[in-house]
Amino acid sequence: MDSASRCFSLQNSCNASSATGILYDPPLGFRFRSPIRNIVRMSATQTENTRISFESLPIKPPSHPTYDLSGIIKSALSEDAGDRGDVTCLATIPSDMEVEAHFLAKENGIIAGISLAEMVFHEVDPSLKVEWSQKDGDSVHKGLDFGKVYGRAHSIVVAERVALNFMQRMSGVATLTKAMADLASPARILETRKTAPGLRLVDKWAVLIGGGRNHRMGLFDMVMIKDNHISIAGGITNALKSVDLYLEQRNLQLEVEVETRTIEEVDKVLDYASQTKTSLTRIMLDNMVVPLPNGDVDVTMLEQAVNLIGRRFETEASGNVTLETVHKIGQTGVDYISR
């Protein structure tokens with residue numbers, strides 16, 4: 001720690017499941033300045049270290065009735081520390097040494113996870129002071145110094161890897177979501193439940209930061225009638241009838257989406273809805289984007305389905321969605337795009 005600076009680059013690839021399923025790994029750096037025995041303290045209003053209020057965040061995490069974000073942070077730190085703690089720090093860094101460390105962007109992209117990283121530092125050591133020049137959702141360029149943390153060196157080193165792992169993952173998701181969302185307009189990008197186990201809220205938060213929309217959080221907050229349900233129920237009409245009866249009997253008001261794979265199934269859904277009061281809100285048009293040998297896609301079936309539905313229900317295109325195809329899909333009039 002005697003050198004003028006020490007740079008930590010992210011070497012591990014934290015695969016991030018984005019709204020599109022594409023993986024991206026934007027490096028973030030962490031630079032330590034020379035040890036500071038007597039840090040010049042800033043004013044109390046600038047350095048007061050309080051727990052983050054979600055209400056004050058520029059982009060709040062999605063709500064979930066049972067998800068414990070604080071518990072996820074504690075679990076990540078415990079995973080790293082094991083039963084002995086950071087033995088390298090304990091062996092090499094004086095307990096009273098204080099340092100200032102800076103966050104560096106090593107690639108262009110959308111920064112995400114700033115609020116979560118701050119929570120990590122506060123969990124490790126409430127006396128650490130964290131300051132940012134950027135906020136979640138901002139564009140950053142390679143080489144940008146966008147934040148700093150100062151205080152006990154041991155605490156900072158213990159927290160930095162966990163904080164950077166969260167930020168790396170979330171920034172990757174946000175960066176690709178932003179690219180997808182821009183290309184898809186006027187359609188809106190949705191993620192799915194294809195998130196890393198235990199990190200669902202983190203992944204979905206990153207999608208919001210990148211300009212996407214959240215789909216259902218889990219199995220509990222929306223009815224999603226997929227092909228397996230349809231097959232077991234004995235057809236798409238039977239599945240819709242069963243859902244409407246279930247919700248009515250329990251006096252539940254939930255959004256309902258049904259997956260269709262053919263124009264015939266779309267016709268059956270519309271026929272049912274024209275004859276019955278239904279809770280249906282959205283129709284998924286699955287794999288109606290057909291890949292072509294030349295790398296292009298045929299969206300004729302998707303356009304036909306969207307026109308057939310009109311504005312009676314929301315529409316969602318799913319399947320064969322990539323950065324190369326999403327713009328063409330978004331021009332069909334579909335409301336949402338997911339993968």
Side-chain angles (χ1 to χ4, degrees), residues 17 19-21 54-55 59-69 177 181 184 187-208 211-262 265-288 305-306 308-319 321 333-339:
S17 170
T20 63
F54 287 156
E55 293 304 314
I59 302 174
K60 303 177 186 64
S63 61
H64 191 289
T66 62
Y67 197 95
D68 181 8
L69 189 56
T177 300
R188 288 157 287 184
I189 289 293
L190 293 174
E191 22 74 334
T192 67
R193 287 169 52 237
K194 299 171 185 175
T195 52
L199 293 178
R200 177 162 301 175
L201 189 141
V202 173
D203 285 348
K204 286 177 173 282
W205 190 2
V207 167
L208 291 179
R213 300 286 187 93
N214 288 151
H215 207 288
R216 57 178 177 161
M217 286 299 297
L219 300 173
F220 60 90
D221 59 335
M222 179 181 182
V223 177
M224 180 76 181
I225 310 171
K226 302 198 73 176
D227 52 355
N228 287 337
H229 306 107
I230 292 168
S231 297
I232 295 170
I236 200 164
T237 302
N238 286 344
L240 285 166
K241 286 180 180 178
S242 297
V243 166
D244 282 332
L245 181 61
Y246 178 90
L247 295 178
E248 182 182 358
Q249 290 176 339
R250 289 158 180 78
N251 195 28
L252 289 174
Q253 293 185 340
L254 294 173
E255 291 188 351
V256 177
E257 181 169 4
V258 64
E259 177 181 341
T260 60
R261 293 161 291 181
T262 64
E265 286 187 335
V266 173
D267 279 327
K268 287 182 179 180
V269 170
L270 295 177
D271 183 59
Y272 170 79
S274 68
Q275 301 180 47
T276 310
K277 182 181 178 181
T278 179
S279 297
L280 182 66
T281 54
R282 186 182 303 168
I283 300 176
M284 176 182 284
L285 308 169
D286 189 43
N287 286 321
M288 293 190 186
V306 169
L308 192 61
I309 296 166
R311 305 313 304 173
R312 283 176 282 183
F313 300 100
E314 294 178 337
T315 54
E316 177 183 336
S318 179
V321 179
V334 71
D335 296 306
Y336 297 100
I337 302 174
S338 65
R339 179 173 177 179

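Because only heavy atoms are used, hydrogens play no part in the values below, and waters and symmetry mates are left out as well, while side chains stay in. The structure displayed is predicted, hence computed values, not measured ones.
At a threshold of 4.0 Å, the pair R193-D203 does not count as salt-bridged, since none of the basic side-chain nitrogens sits closer than that to a carboxylate oxygen.
Residues L190 and T192 are not in side-chain contact: their nearest non-hydrogen atoms beyond the backbone lie 4.5 Å or more apart. Annotation: side chain of M222 is in contact with side chain of H215 (closest heavy-atom distance under 4.5 Å). Using a 4.5 Å heavy-atom threshold, the side chains of F313 and R282 count as separate. Considering only heavy atoms from C-beta on, T237 stays 4.5 Å or farther from V269 through its side chain. Considering only heavy atoms from C-beta on, Y272 comes within 4.5 Å of K241 through its side chain.
With values rounded to the nearest 0.5 angstrom, E265 atom CD is found 9.5 Å from D286 atom CG. To the nearest 0.5 angstrom, R216 atom CZ is 11.0 Å from L254 atom CG.
Remark: the H229 side chain and the E259 side chain contain no N/O donor-acceptor pair separated by less than 3.5 Å. Remark: the S338 side chain and the E316 side chain contain an N/O donor-acceptor pair separated by less than 3.5 Å.
Applying the side chain to side chain contact (heavy atoms under 4.5 Å, CB included) test between T260 and each of M288, M284, K268 identifies M288 as the sole match.
Partners of R250 according to the salt bridge (charged side-chain N to carboxylate O under 4.0 Å, His left out) rule, which considers only residues two or more places apart in sequence or in another chain, do not exist here. Not a single salt bridge (charged side-chain N to carboxylate O under 4.0 Å, His left out) links D244 to another residue, sequence neighbours left out.
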